[in-house]
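Just so we're on the same page: letters track the sequence lines, and every chain starts at 1. The figures that follow rest on heavy atoms only: side chains count, while hydrogens, waters and symmetry mates do not.
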Protein chains: 2
Amino acid sequence: MQLFGKRALLALSAFSFGLVTASTSWSADSLDDVMKRRGLTEKDVLAAAKTYVPTGKRDEFLAFASGGQSGQVIVYGIPSMRILKYIGVFTPEPWQGYGFDNESKAVLAQGRINGKDILFGDTHHPAISETNGDYDGEYLFINDKNNPRIAVIDLHDFETKQIVVNPIMKSEHGGAFVTPNTDYIIEASQYASPLENGYVPLSQFNEKYRGAVTYWKFDRKAGRIDPKQSFSLELPPYSQDLSDFGKGVSDGWSFTNSFCSERYVGGIEKGRPPFEAGCSQKDTDFFHMINWKKAAEVVKAGKVKMINDHPVIMMDTAIAEGILYLVPEPKSPHGMDVSPDGKFMIVSGKLDSHTYVFSFEKMMNLIKNKDFAGKDPYGVPILDLKKSLHTQVQVGLGPLHTQYDSKPCVVYTSIYVDSQVTKWDYCEGKVLDKLSIHYNIGHLMTMEGDSVNPKGKYLVALNKLAIDRFNPVGPLHPQNHQLIDISGDKMELLYDMPLPLGEPHYAVAIAADKLKPIIRYKSGWNTRTDEVHEGKTRPGKERVERDGNKVTVYGTTIRSHITPEIVEVQEGDEVTFVMTNLERAEDQTHGFAINGTNANLSLEPGKTASVTVTASRPGVFPYYCTEFCSALHLEMQGYLLVQPKGYKEVATKGAEGQAYTQADYDKQFKTNIETQGVIDSVVGYIVARNYQDFPPVVSLVEDATEQLGFAADTRKKAEEFAAKNDWQNATLWAGQWWQYQVKAADIGLRAKTYLDQHGAVEVKK
Amino acid sequence: MQLFGKRALLALSAFSFGLVTASTSWSADSLDDVMKRRGLTEKDVLAAAKTYVPTGKRDEFLAFASGGQSGQVIVYGIPSMRILKYIGVFTPEPWQGYGFDNESKAVLAQGRINGKDILFGDTHHPAISETNGDYDGEYLFINDKNNPRIAVIDLHDFETKQIVVNPIMKSEHGGAFVTPNTDYIIEASQYASPLENGYVPLSQFNEKYRGAVTYWKFDRKAGRIDPKQSFSLELPPYSQDLSDFGKGVSDGWSFTNSFCSERYVGGIEKGRPPFEAGCSQKDTDFFHMINWKKAAEVVKAGKVKMINDHPVIMMDTAIAEGILYLVPEPKSPHGMDVSPDGKFMIVSGKLDSHTYVFSFEKMMNLIKNKDFAGKDPYGVPILDLKKSLHTQVQVGLGPLHTQYDSKPCVVYTSIYVDSQVTKWDYCEGKVLDKLSIHYNIGHLMTMEGDSVNPKGKYLVALNKLAIDRFNPVGPLHPQNHQLIDISGDKMELLYDMPLPLGEPHYAVAIAADKLKPIIRYKSGWNTRTDEVHEGKTRPGKERVERDGNKVTVYGTTIRSHITPEIVEVQEGDEVTFVMTNLERAEDQTHGFAINGTNANLSLEPGKTASVTVTASRPGVFPYYCTEFCSALHLEMQGYLLVQPKGYKEVATKGAEGQAYTQADYDKQFKTNIETQGVIDSVVGYIVARNYQDFPPVVSLVEDATEQLGFAADTRKKAEEFAAKNDWQNATLWAGQWWQYQVKAADIGLRAKTYLDQHGAVEVKK
């Protein structure tokens with residue numbers, strides 16, 4: 001079959017320099033045609049132009065949204081509203097190997113509650129780490145409402161590194177929010193419960209059920225929460241809700257609102273009015289003002305009760321130390337949003353039509369003067385509402401959350417019942433604009449809008465209902481995030497974005513250029529502990545070790561083979577594969593999955609990850625690379641063979657499926673030499689241009705050079721076997737040499753295309 | 001606090017008719033401004049206009065992509081490239097309750113292998129059900145490469161209904177593809193293995209390892225695969241790969257290609273050349289031509305061997321019956337794509353630069369005349385390559401897959417190594433156009449491009465590497481699907497779409513108007529078995545039943561309460577919550593999660609789903625609705641209380657947290673009467689317009705009417721308690737009455753906004 005080898009080669013030379021011409025040029029007419037054909041208005045085209053990000057260009061901001069009961073974090077770009085990543089946090093996710101490799105299983109195991117795996121979370125409020133109140137883009141924190149926990153995600157690699165379990169809460173909502181220098185992360189309870197773990201009848205609700213707020217100490221150097229340095233405050237059995245930290249003048253304080261300060265216990269099944277009736281009867285609830293800096297000192301002084309081995313400042317102590325105050329707020333509030341300068345706290349009650357602006361200065365004066373309106377049933381001092389207010393503004397029906405613009409005094413409040421966003425001035429107390437959204441907005445987000453330095457430009461409405469907005473996909477609808485242009489006087493709706501998985505509650509957006517994620521790990525890296533993996537394996541050092549019935553396979557992956565390719569074990573063995581991805585090139589991830597075992601690893605460049613499987617039954621279990629990594633990806637395979645107990649190995653040598661002769665070797669050799677000529681011409685094309693001005697091309701050249709090194713190594717093997725007239729091995733190694741050449745050519749062509757498309761110029765020698 | 005109730009009411013009247021004015025009008029200048037500011041070319045604006053879907057408008061096509069090793073299916077719209085849904089298939093996903101409720105756990109349990117839960121899959125090739133070779137939009141099928149399985153997804157509700165486990169394969173790749181009337185779904189093995197489950201040493205590879213192809217019988221009426229009517233064919237130990245069914249003239253045949261027909265067994269760890277070298281050494285591999293209609297008759301005639309209780313036609317029988325033939329194809333092929341008329345089979349070998357067009361007519365003549373080029377080592381007749389070919393075309397380096405245009409003879413082939421798409425004419429055998437993509441394209445997809453009636457218009461390049469295309473999000477990159485306009489002579493790149501989770505291999509796209517998903521279930525529906533749930537509960541019939549230590553809670557959800565609100569059980573009880581969502585309104589999903597238990601249900605309107613938890617330790621476990629469903633969503637809560645073993649209940653009555661007087665009742669009553677006035681005016685506004693011309697508004701009016709019915713019921717309760725001077729209950733029920741009014745107002749305002757935005761007109765009475 002002379003046909004093939006030769007033609008493949010010819011194609012390489014014929015097409016690698018072929019012109020890929022640009023498509024039909026644009027004209028005003030054709031835009032009109034498209035508008036007519038697609039029924040677009042001029043406003044639509046403007047919105048399209050404001051959100052479209054052309055191929056190869058980047059988004060201006062990155063948003064991190066909670067995934068709600070999907071237990072994940074969602075990352076998307078603004079203004080394109082394209083989702084870039086789902087980060088596994090509380091729920092296993094096999095594409096990332098999260099919860100499938102031993103290293104990430106260890107992270108999930110940190111989240112066990114009373115020894116039990118809890119493999120989902122109800123993530124609500126992400127927070128980006130801050131330095132001096134500004135987002136610094138280093139870490140992301142996210143809470144779990146259902147099983148009170150906080151997770152730490154490192155934004156250098158977008159991986160979850162730690163989960164801490166709240167020792168005293170049974171439900172939470174008011175986390176995660178950080179202090180201006182990320183000293184602490186706050187977590188506030190939701191549904192009151194006993195702080196201990198035992199049973200307490202609901203008839204003792206007022207006496208023994210409690211709320212709480214936990215301050216988790218963050219160790220920036222370690223990149224982890226330090227539970228030993230963390231503490232909590234006991235709170236009344238109101239349903240605590242959203243929180244925020246003070247900043248600027250109010251730094252040192254935190255604010256946590258509440259609903260159901262009626263302390264109502266439902267029981268519709270017994271004829272009692274339901275929770276929703278009893279929890280919304282009073283006109284006001286309370287927000288809690290807590291002096292956390294002083295609280296930390298009280299903890300240091302040992303004035304705590306240890307509950308479940310965790311230090312808790314009890315209410316009596318908090319009252320005596322002047323740490324805890326209550327301020328009336330409109331009933332059933334959602335948001336608690338501190339202004340960039342820290343002077344004001346904005347709160348909306350979802351059953352009121354007003355938003356309330358509280359003055360930190362006024363409240364501090366009341367506290368200083370001990371000018372209290374009374375005490376709650378637990379003795380907590382209550383400030384007077386009117387005396388604490390800066391202003392209140394009628395914003396619409398069902399106001400929930402408020403976010404800040406870069407323009408002074410300008411804020412945006414989500415209006416749930418009216419399905420609107422209201423833009424208003426909190427200094428002057430007047431409404432500026434209203435915009436309908438679709439439908440029933442929950443949270444909303446401006447760019448860096450809860451930092452000391454909001455960036456304006458865009459607002460995202462996190463709508464709770466999509467209803468008719470998208471193509472129908474069954475009874476379970478996507479969420480709808482709507483992008484709104486806030487750069488002008490009037491808000492303009494730009495884009496409807498469906499959320500295909502999960503229900504985001506809150507989101508935070510950061511200027512994209514503040515994020516500096518890595519593209520590869522140091523070779524042999526345990527990415528969950530951030531240290532060299534003890535099972536790191538260098539090329540050539542792959543091996544199988546046995547210790548009793550424990551077998552450890554120290555393996556590697558590289559385009560396009562897994563080493564080892566055959567692993568034989570005995571029934572009953574516990575087999576651990578510790579795999580290192582030797583690649584250094586960007587995006588050269590390999591996967592590793594074994595039939596019938598639940599084993600699936602995602603091995604990004606440099607990563608070492610492991611999986612342990614029990615060889616519970618004899619059989620043949622293929623394994624392979626699950627990430628399409630190269631032309632020979634499907635051939636990146638191997639076999640795990642499990643011999644039956646007591647199997648006696650018979651040393652037989654199977655026949656080769658195909659035998660090769662000197663003619664085969666000569667043909668392959670000739671092809672390779674000709675291929676090298678083509679590669680040389682591609683290399684010549686690249687080095688004749690200013691490729692060193694293009695970092696991605698520099699990386700590609702490094703990668704291609706490595707592949708050519710491998711090619712040279714295998715050529716040597718082929719020639720050695722040929723010298724011994726072993727045409728079988730000579731031909732196969734010559735084939736492998738050609739495979740490395742193909743990989744080098746692939747990379748070289750990609751580099752050439754990049755140079756062509758980015759205006760590289762010829763350099764004079 | 002006179003402030004609140006009154007103001008809330010005023011707001012309702014003040015804002016419900018408030019004008020939401022349109023934003024600044026568009027002008028040519030401002031488009032220029034945006035282009036300048038954002039650095040957009042005219043071509044970019046044209047691409048933006050071709051892909052932007054304005055708020056409330058729909059996409060033209062829906063794509064279903066495999067999720068790769070995420071184990072899911074991804075649904076997105078074309079041309080907007082917005083992802084609409086991730087469907088849980090092989091991997092648990094809590095947002096959908098998939099793998100978290102008992103009903104979907106039963107689906108996943110069907111996918112157990114040798115009794116072991118396999119909680120991920122490597123999904124590769126989705127197929128839409130067909131009628132007469134046309135997509136009918138009823139079902140979707142998807143395969144699992146790692147643990148050979150096929151899943152059935154019902155496109156009426158986008159839920160996974162069934163998983164079948166292949167009884168003889170250990171790995172597969174060539175599924176799922178369907179016959180023109182979806183009689184059968186094909187699944188072809190990948191890495192050869194013994195068809196039985198035991199251990200066989202690799203030295204017996206040629207003799208005892210085998211490939212196979214399985215034909216799964218689909219029972220359209222049941223909407224399920226019928227394993228009893230399904231069968232397989234034994235194949236040689238080549239690595240079988242992609243498949244396709246014949247259609248038109250070739251209906252009755254299927255085609256499955258292969259690589260590594262060298263039957264090479266690697267072993268790089270022992271110094272052998274790796275699989276990639278030995279599996280790509282020959283110039284040709286083989287595709288299998290199988291007469292599946294005749295095979296089905298052979299099975300009926302009982303000429304099978306039962307392997308693992310499954311009927312398998314052995315190779316000798318297949319050869320004797322004239323069912324199985326081999327045709328040489330370029331080595332290491334990927335695609336196997338039958339033309340819309342069934343006359344041609346297009347195959348690309350990724351290490352060749354040519355694409356091969358095989359003629360069904362020529363091959364059938366060779367078979368008819370027994371004009372064979374030889375036999376393979378297993379006796380399977382081999383057709384001559386040149387005699388089988390219609391033409392071969394040099395398309396570029398690393399061609400993989402081919403898809404069909406609506407224009408006759410026009411096809412598109414993905415070119416992996418060159419990172420291009422080649423448009424060519426398979427009748428004339430000439431290249432028409434080439435377009436660079438980014439980077440290393442795997443599959444590609446045209447609209448309904450593998451049906452008998454391709455729709456043209458768009459092509460999507462499913463690229464395997466994104467590298468520098470998007471904002472960096474760490475070492476693990478998103479995939480990049482690029483949308484290409486194929487309506488003109490030249491291909492035009494329109495859009496880069498990141499895939500945030502999973503690695504799609506193949507995708508299929510269907511005209512959106514062919515899909516008719518439901519928006520609600522019949523009340524009390526078990527959505528996984530498609531029948532009335534045995535635990536269906538009607539409102540007012542909620543109850544807790546005990547049978548020994550088994551407790552069953554028959555509960556309901558509706559805006560905004562869960563019934564029952566308090567459940568008390570004993571330590572050691574096994575507690576099953578069977579929850580029915582009573583809602584009928586579109587998108588009114590409720591969630592149900594219990595602290596510390598892994599319980600999370602997604603209850604779409606009408607759905608009944610259950611979860612069983614063991615009360616393993618005494619304590620207080622809050623439960624709540626996890627979908628933000630209404631203004632009082634946070635108050636949609638309850639408590640599971642677990643009493644310690646031997647706990648003696650003391651009948652104590654807890655004090656109410658808040659006491660209400662006649663004055664409280666009177667105030668609430670007055671608010672409600674005034675609120676009713678406002679609702680009446682909203683209702684008046686709606687019914688004065690042609691709202692019945694707008695189906696979404698008709699639904700909203702039905703929903704609002706239901707809420708007002710609930711309001712009337714609770715008003716009656718409030719008045720009955722008031723008549724008995726029970727002001728506590730009277731006030732709380734009056735509060736609940738008001739809650740229903742707020743829900744009705746919410747819906748009414750949404751309806752009013754819809755009418756305003758869709759040009760409703762006043763109707764004369």
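- Using modelled atom types, no side-chain atom of Asp59(A) and backbone atom of Asn471(B) make a donor-acceptor pair closer than 3.5 Å.
- Side chains of Arg82(B) and Pro498(A) form a contact here, defined as non-hydrogen atoms less than 4.5 Å apart.
- Phe205(B) and Tyr639(A) have perpendicular rings, their planes meeting at more than 60° on a 0 to 90° scale where under 30° would count as parallel.
- Using a 4.5 Å cut-off between heavy atoms, Tyr191(B) touches chain A through backbone and side chain atoms alike.
- Ring pair Phe628(A)/Tyr416(B) is tilted by interplanar angle, where 30° to 60° counts as tilted.
- Heavy-atom distances place both the backbone and the side chain of Arg469(B) under 4.5 Å from chain A.
- Heavy atoms of Ile113(B) lying under 4.5 Å from chain A belong exclusively to its side chain.
- Only the side chain of Leu40(A) comes within less than 4.5 Å of a heavy atom of chain B; its backbone N, CA, C and O stay farther away.
- If you measure heavy-atom distances from Asn206(B) to chain A, the contacts under 4.5 Å come from the side chain alone.
- Looking at Gln637(A), the atoms closer than 4.5 Å to chain B (heavy atoms on both sides) sit in the backbone and in the side chain alike.
- The parts of His561(B) that come within reach of chain A are both its backbone and its side chain, each placing non-hydrogen atoms under 4.5 angstrom from that chain.
- Between Thr55(B) atom OG1 and Asp44(A) atom CG the span is 9.5 Å, to the nearest 0.5 Å.
- Proximity to chain A (any heavy atom under 4.5 Å) is shown, for Phe120(B), by both the backbone and the side chain.
- Contacts of Lys350(A) with chain B are made by side-chain atoms alone, with heavy-atom separations under 4.5 Å and no backbone atom involved.
- Contact of Ser560(A) with chain B is made through backbone and side chain together, with heavy-atom distances under 4.5 Å.
- Both the backbone and the side chain of Glu276(A) come within contact range of chain B, judged by heavy atoms closer than 4.5 Å.
- Within the 4.5 angstrom heavy-atom criterion, atoms from both the backbone and the side chain of Thr626(A) approach chain B.
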